[in-house]
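Every chain is numbered from 1 and lettered A, B, ... according to where its sequence line falls, protein lines coming before strand lines. Everything numeric in this text was worked out from a predicted model, so none of it was measured.
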There are 2 protein chains.
Amino acid sequence: MERILAAAWELADEQGLAGISLRDLADRVDLRQPSLYSYFESKHALYDAMFAQGCEQMLEGIHARPVNGDARRVVKEMARRFVALSVENPARAQLLFQRTIPGFEPSAASYAIAQRMFEEGRTRLASVGLTKDRQMDMYTALIAGIVAQQLANDPGGTRWTRLVDEMVDMYLDHNRGNGSRNEAEARSPKASRPRAERPIERGGK
Amino acid sequence: MERILAAAWELADEQGLAGISLRDLADRVDLRQPSLYSYFESKHALYDAMFAQGCEQMLEGIHARPVNGDARRVVKEMARRFVALSVENPARAQLLFQRTIPGFEPSAASYAIAQRMFEEGRTRLASVGLTKDRQMDMYTALIAGIVAQQLANDPGGTRWTRLVDEMVDMYLDHNRGNGSRNEAEARSPKASRPRAERPIERGGK
DNA sequence: GTCTATATGTGGATAGAC
DNA sequence: GTCTATCCACATATAGAC
């Protein structure tokens, strides 16, 4: 079962997340294709298990970073770690943060893990005074952009990952004053957020 | 032929880029599936035509923006336009800027259009003094992150697109001094880029 | 739990008449 | 250029013996 998931990640890495076939997967673990149905009742169930495992891996990776100390250091370490984890396993990043598998939605249980992962990030930011939704959204966009560009345009390289520190510096400089109104909002007050709180990175339609 | 491409975009929008089937596509334009082979010699050729058309649309959209004037205005207008074009047609953004179709690489001719699009952006940035590769990379990451988050976590909404102006302000504030050494590089000189110039947003492996 | 055998569906692509 | 007919590969999923 562990081996099945491990093989699934291998396949996803080689042929893309959607490119996993139960035949290939069965071959990897020396089973016949129908035997997989003893472990997963459908292919989506396999994705769901991968989703849950992927969330746990990200959660561990980020949780292993310090919470206290210099704001810049805390945020940078989280960012570096998150980017590294995403880039080292593109399929995982794709499964967790994009919407590429038609029809797949994580189960409630798996989704709960994703929420914990997201809250972990929110907590880190809050611990350095970045408590607003808008600040969190800017942060996730920053990180997501680095990961997206790295994976799409320089897979295996470091062209964008090496920008993490500077991007975080830029972000923290911009949010100097931590949590209070920042320059941009002072400039255009109407831009402040009317939206309802969104608990997790996967709301939407 | 125009109608075929239009129908292809429709399908891509509804079922995902990879979800286009030649059967469905033929139905949309009242043809039989094999008849499409009079227009495209393969499915990849269809994607290639879509790629070229998508590039042209982006190019037009960005080209229609002013080049001269206030730096903030020029960069913001380009960013807004780019983000709007990406978000309004997710399939196009996916085809042009991600690597999701297994085995698909644009033809040389289509790729040339992509280069022009990229150079258009580079020119705009250069016109306000942002001439370094590193600055361009940060800019593309910024924009890509907004688009990625918007599409993945709030499709149809404006949760991240509304951050464009603030993100650009943050970016330009950080790069105050236009083209000269910025704060982060002054801080860690070793971080400056040893890499060779990369001409276009799709190098990599 | 694992197997063989098979159902059932969907792709892209080709042959050849008109 | 468009059609009918068909090929062939591959997918997920199920039935039922062991």
Side-chain angles (χ1 to χ4, degrees), chain A residues 1-54 90-92 94-95 98-107 110, chain B residues 1-54 90-92 94-95 98-107 110:
Chain A
M1 170 72 163
E2 257 176 50
R3 290 177 57 232
I4 295 177
L5 279 177
W9 286 116
E10 274 181 33
L11 277 173
D13 186 45
E14 295 166 18
Q15 314 189 1
L17 196 57
I20 298 178
S21 85
L22 297 185
R23 278 178 167 74
D24 293 346
L25 180 54
D27 281 351
R28 290 282 172 113
V29 293
D30 290 310
L31 283 178
R32 305 296 176 174
Q33 175 253 329
S35 303
L36 292 176
Y37 282 81
S38 299
Y39 298 90
F40 306 100
E41 65 180 359
S42 73
K43 196 183 185 183
H44 274 20
L46 167 67
Y47 282 128
D48 193 58
M50 294 174 73
F51 183 92
Q53 193 181 57
R92 180 173 55 200
Q94 193 185 349
L95 180 59
Q98 294 181 354
R99 298 175 167 268
T100 64
I101 307 293
F104 170 69
E105 291 289 325
S107 66
S110 302
Chain B
M1 171 71 163
E2 257 175 52
R3 288 178 57 233
I4 295 177
L5 279 177
W9 286 117
E10 274 182 34
L11 277 174
D13 185 46
E14 295 167 18
Q15 313 189 4
L17 196 56
I20 298 178
S21 86
L22 297 184
R23 282 178 166 76
D24 292 348
L25 180 55
D27 281 352
R28 289 283 172 114
V29 293
D30 289 309
L31 283 178
R32 305 296 176 174
Q33 176 252 331
S35 302
L36 292 176
Y37 282 80
S38 298
Y39 299 91
F40 306 101
E41 65 180 0
S42 73
K43 195 184 184 183
H44 275 20
L46 168 66
Y47 283 127
D48 193 58
M50 294 173 74
F51 183 92
Q53 192 180 59
R92 181 173 54 200
Q94 192 185 348
L95 180 60
Q98 293 181 352
R99 298 175 166 267
T100 65
I101 307 294
F104 170 68
E105 290 291 324
S107 65
S110 302

- prompt: Looking at residues at least two apart in the chain, or sitting in another chain, which of them share a side chain to side chain contact (heavy atoms under 4.5 Å, CB included) with B:D27?
  reply: none
- request: Please name all residues satisfying side chain to side chain contact (heavy atoms under 4.5 Å, CB included) with B:D13, sequence neighbours left out, ordered by chain then number.
  value: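 Applying side chain to side chain contact (heavy atoms under 4.5 Å, CB included) to B:D13 gives B:P90.
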Taking [atom1] from [X] and [atom2] from [N], how many angstroms apart are they, rounded to a whole number?
X: B:L36; N: C:dT14; atom1: CG; atom2: P; value: 13 Å
X: B:I4; N: D:dG1; atom1: CD1; atom2: P; value: 10 Å
X: B:F40; N: D:dT2; atom1: CZ; atom2: C1'; value: 16 Å
X: B:D27; N: D:dT2; atom1: CG; atom2: P; value: 15 Å
X: B:I101; N: C:dG11; atom1: CD1; atom2: C1'; value: 14 Å
X: B:D30; N: D:dG1; atom1: CG; atom2: P; value: 18 Å
X: B:L17; N: C:dG11; atom1: CG; atom2: C1'; value: 16 Å

With rounding to the nearest 0.5 angstrom, report the [atom1] to [atom2] distance, [X] to [Y].
X: B:D24; Y: B:Q33; atom1: CG; atom2: CD; result: 10.5 Å
X: B:L25; Y: B:S35; atom1: CG; atom2: OG; result: 11.5 Å
X: A:F104; Y: A:L95; atom1: CZ; atom2: CG; result: 5.5 Å

- prompt: Going through the distances and angles, do B:F40 and B:I4 end up as a side chain to side chain contact (heavy atoms under 4.5 Å, CB included)?
  reply: CA-CA 10 Å; B:F40 306 101; B:I4 295 177; 3.6 Å; yes
- request: Would you please name every residue forming a salt bridge (charged side-chain N to carboxylate O under 4.0 Å, His left out) with B:R28, sequence neighbours left out?
  value: B:E10, B:E14
- request: May I ask you to verify if any side-chain N or O of B:S35 is less than 4.0 angstrom from the OP1 or OP2 atom of D:dG1?
  value: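 Result: no.
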query: What string of B, S and - do you get for nucleotides 11-18 of chain D, 5' to 3', when a contact is any protein heavy atom under 4.0 Å?
result: BBBB----
- request: Specify the angle, to 10°, made by the local axes at the two ends of the helix from C:dG1-D:dC18 to C:dC18-D:dG1 when five pairs are taken at each end.
  value: 0°
message: Testing the basics here: between A:W9 and A:R92, what is the closest heavy-atom pair and its distance to 0.1 Å?
response: CZ3-CA, 3.5 Å
What donor-acceptor contacts under 3.5 angstrom involve side-chain atoms of residues 44-52 of chain B, with partners at least two apart or in another chain?
from	atom 1	to	atom 2	distance (Å)
B:Y47	OH	B:L17	O	2.8
B:D48	OD1	B:S107	N	2.7
B:D48	OD1	B:S107	OG	3.3
B:D48	OD1	B:S110	OG	3.2
B:D48	OD2	B:S107	OG	2.7
B:D48	OD2	B:S110	OG	3.0

